[in-house]
Student: 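Please find one structure pasted underneath; my questions will follow.
Fair warning: this is a prediction, and the values are worked out from it, not measured in the lab. Both counts, for ligands and for their atoms, begin at 1 and track the order of listing.
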Amino acid sequence: MTTTLKDITNREDIAILVRTFYDRIRADDEINFYFNEMITDWEEHLEKLTDFWEMNLFGGKKYKADPLQAHVKVDAHFEGKIGPNEFGIWLNHWAQTLDELFEGENVEILKRRARKMGTFIYMAMFKSRS
Ligand code: HEM
């Protein structure tokens, strides 16, 4: 029997995606401490990330912060130890969550956008270290 998944079509879908993704992140002992140490209000974080990905996919201007600056701050807190391994783990959870829940064009777009953004975040971290 095959199950058919639907594509991501609205904010509610994004909210489910973000929550399932962070459940996985928080269950991952290799990287969960980065998040648990920096994020004091999880509900606020999940709402913000829902705003971020909703805007990324459907437009609008709900998300108003600066993700590069946010990660430079995280990297400084952990004294520059975030590297390709952490980005690889993050991106694997992202792709697996997307594939587990949805199927379609927007799934592929969100995989691509996260990969691309990962390289910009890493470059910003790297530059800030010198
Ligand atoms: C690979 C692509 C990644 C994307 C697209 C991404 C995306 C984001 C976004 C949009 C935020 C919200 C920023 C804000 O406005 O506060 C955020 C926060 C955060 N990210 Fe990432 N992230 C990525 C990778 C990582 C990695 C590899 C780590 C650590 C190992 C990480 C750790 C964090 C933490 C700790 C916060 C919360 C910062 C705070 O609120 O103090 N991220 N991320």
Student: Determine whether Ile82 and Phe87 make a side-chain contact, defined as any pair of heavy atoms from C-beta on separated by less than 4.5 Å.
Tutor: yes
Student: Check each heavy atom of Ile89 against ligand 1 and say whether those closer than 4.0 Å belong to the side chain, the backbone, both or neither.
Tutor: neither
Student: Hey, does Lys48 come in under 3.5 Å of ligand 1, counting only N/O atoms on both sides?
Tutor: yes
Student: Would you say the rings of Trp90 and Phe21 are close, in the sense that their centroids are separated by under 6.0 Å?
Tutor: yes
Student: Give the residue and atom name of whichever protein heavy atom lies nearest to atom 35 (C) of ligand 1, and the separation in Å to one decimal.
Tutor: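 Looking at atom 35 (C) of ligand 1, the protein heavy atom closest to it is Tyr34 O, 3.5 Å.
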Student: Mind checking the CZ-CG spacing from Phe58 to Asp13? Nearest 0.5 Å is all I need.
Tutor: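 One gets 7.0 Å once the value is rounded to the nearest 0.5 Å.
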Student: Check for me, please, whether Ile14 and Leu5 land in the same ILVMFWY cluster - side-chain distances under 4.5 Å, paths through other members count.
Tutor: no
Student: If I compare all heavy atoms of Glu37 with all of His77, which pair ends up nearest, and what's the gap?
Tutor: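 Smallest heavy-atom distance, with atoms named: OE2-NE2, 2.9 Å.
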Student: Please report the shortest heavy-atom distance between Asp28 and Ile89, naming the atom on each side.
Tutor: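 Closest approach of Asp28 to Ile89, heavy atoms only: OD2-CG2, 3.3 Å.
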Student: Taking atom 21 (Fe) of ligand 1 as the center, what protein N, O or S atoms are found at less than 2.8 Å?
Tutor: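 Checking every protein N, O and S atom gives His71 NE2.
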Student: Which of the atoms in ligand 1, numbered in the order shown and given with their element, are less than 4.0 Å from a heavy-atom of Ala114?
Tutor: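 By the 4.0 Å cutoff, the relevant atoms are 2 (C).
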Student: Between Leu49 and Tyr22, is any pair of side-chain heavy atoms under 4.5 Å apart?
Tutor: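 They are in contact (side-chain heavy atoms under 4.5 Å apart), so the answer is yes.
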Student: Does a sphere of radius 6.0 Å around NZ in Lys116 hold more than 12 heavy atoms from other residues, nucleotides or ligands, not counting ones at 6.0 Å or beyond?
Tutor: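 No, the 6.0 Å shell around NZ holds no more than 12 heavy atoms from other groups.
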Student: Is there a heavy atom in Trp53 that sits closer than 4.0 Å to ligand 1?
Tutor: yes
Student: Among Phe35, Phe87, Tyr63, which one has a heavy atom closest to atom 28 (C) of ligand 1?
Tutor: Phe35
Student: Are Leu17 and Trp94 close enough that some pair of their side-chain heavy atoms sits under 4.5 Å apart?
Tutor: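 Yes, close enough: below the 4.5 Å cut-off.
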Student: If you have a sec, work out which protein heavy atom is nearest atom 12 (C) of ligand 1 and how many Å separate them, to one decimal?
Tutor: Leu49 CD2, 3.7 Å
Student: List ligand 1 atoms under 4.0 Å from Met38, heavy atoms only on the residue side.
Tutor: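 So the atoms of ligand 1 that pass are 35 (C), 41 (O).
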Student: Within the 4.5 Å heavy-atom criterion, are Asp7 and Val107 side-chain neighbours or not?
Tutor: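 Contact flag for Asp7/Val107 side chains = yes.
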Student: So is Ile31 touching ligand 1 or not, going by heavy atoms under 4.0 Å?
Tutor: no
Student: For ligand 1, which atoms have a heavy atom of Ala65 less than 4.0 angstrom away?
Tutor: 15 (O)
Student: What's the shortest heavy-atom distance between Met55 and Lys62, and which atoms?
Tutor: SD-N, 3.9 Å
